[in-house]
Amino acid sequence: QVQLVESGGGLVQTGGSLRLSCAASGSIFSINTMGWYRQAPGKQRELVATIASGGSTVYADSVKGRFTISSDNAKNTVYLQMNSLKPEDTAVYYCNAHETLGPNLSAYPREALKKGYLEIWGQGTLVTVSS
């Protein structure tokens with residue numbers, strides 16, 4: 001079973017920094033993309049940033065210039081460096097990964113076969129920015 005293990009969340013003051021880490025473990029054929037999403041109380045989950053195996057990145061407009069996503073493909077690990085944090089950044093941050101389907105298709109759920117990839121979520125880590 002593949003799992004995403006997150007770390008780095010916590011409490012920080014406005015203007016401070018945090019670095020989140022997420023490592024994929026288990027039997028993995030290949031990870032195509034990894035990223036971060038967040039969900040604030042009473043809000044929908046939203047994209048923060050993603051990075052593909054080739055290095056291309058996507059950022060939400062609200063975090064451009066402040067957050068940086070990076071990855072270590074050999075370790076199947078993704079990082080999110082968060083600088084100049086604001087109270088609006090307070091949320092539960094979830095790690096996400098898209099696993100490329102391997103040759104043993106019987107090992108994957110129907111949803112993954114339909115989409116063409118297996119989507120994996122971490123348990124979430126809380127980031128609180130005090131004002």
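- A continuous path of hydrophobic side-chain contacts links Ile120 to Leu80 [ILVMFWY only; heavy atoms under 4.5 Å].
- With rounding to the nearest 0.5 Å, the separation of SG in Cys22 from CD in Glu6 is 5.0 Å.
- Other residues sharing a hydrophobic cluster with Tyr37 under the 4.5 Å side-chain heavy-atom criterion for ILVMFWY residues are Leu47, Val58, Val92, Tyr94, Trp121, Leu126.
- Here side chain to side chain donor-acceptor pair (under 3.5 Å) pairs that include residues 44-58, with residues two or more places apart or in two chains, are Arg38-Glu46.
- Atom CD in Gln81 sits 12.0 Å away from atom CD1 in Ile69 (nearest 0.5 Å).
- The OH atom of Tyr117 sits 11.0 Å away from atom OG1 of Thr100, with the distance rounded to the nearest 0.5 Å.
- For Lys75, the side-chain contact (heavy atoms from CB on, under 4.5 Å) partners are Asp72, Thr77, not counting sequence neighbours.
- Contact detail for Leu4 and Cys95: the closest heavy-atom pair is CD1-O, 3.6 Å.
- Within the structure, ring pair (Phe, Tyr, Trp, His ring centres under 6.0 Å) pairs that include any residue of residues 42-81 do not occur (at least two apart or interchain).
- For Arg66, the salt bridge (charged side-chain N to carboxylate O under 4.0 Å, His left out) criterion is met by Asp89, not counting sequence neighbours.
- Atom CG of Leu118 and atom CG of Leu113 lie 9.5 Å apart (nearest 0.5 Å).
- Taken from CE in Met82 to OG in Ser17, the straight-line distance is 8.5 Å, to the nearest 0.5 Å.
- How far CD of Glu99 is from CE of Met34: 11.0 Å, rounded to the nearest 0.5 Å.
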What do the steps show when you test Ile31 against Val78 for side-chain contact (heavy atoms from CB on, under 4.5 Å), and what is the final call? CA-CA 11 Å; Ile31 299 294; Val78 66; over 6 Å; no
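- Although no hydrogens or angles enter the test, the distance criterion places a donor-acceptor pair under 3.5 Å between the side chain of Tyr108 and the main chain of Gly102.
- Although no hydrogens or angles enter the test, the distance criterion places no donor-acceptor pair under 3.5 Å between the side chain of Gln3 and the main chain of Ser25.
- For residues 24-36, the set of pairs meeting the salt bridge (Lys or Arg N to Asp or Glu O under 4.0 Å) definition, not counting sequence neighbours, is empty.
- For the pair Glu119/Asn96, a side-chain contact is recorded, criterion being any heavy-atom separation below 4.5 Å from C-beta on.
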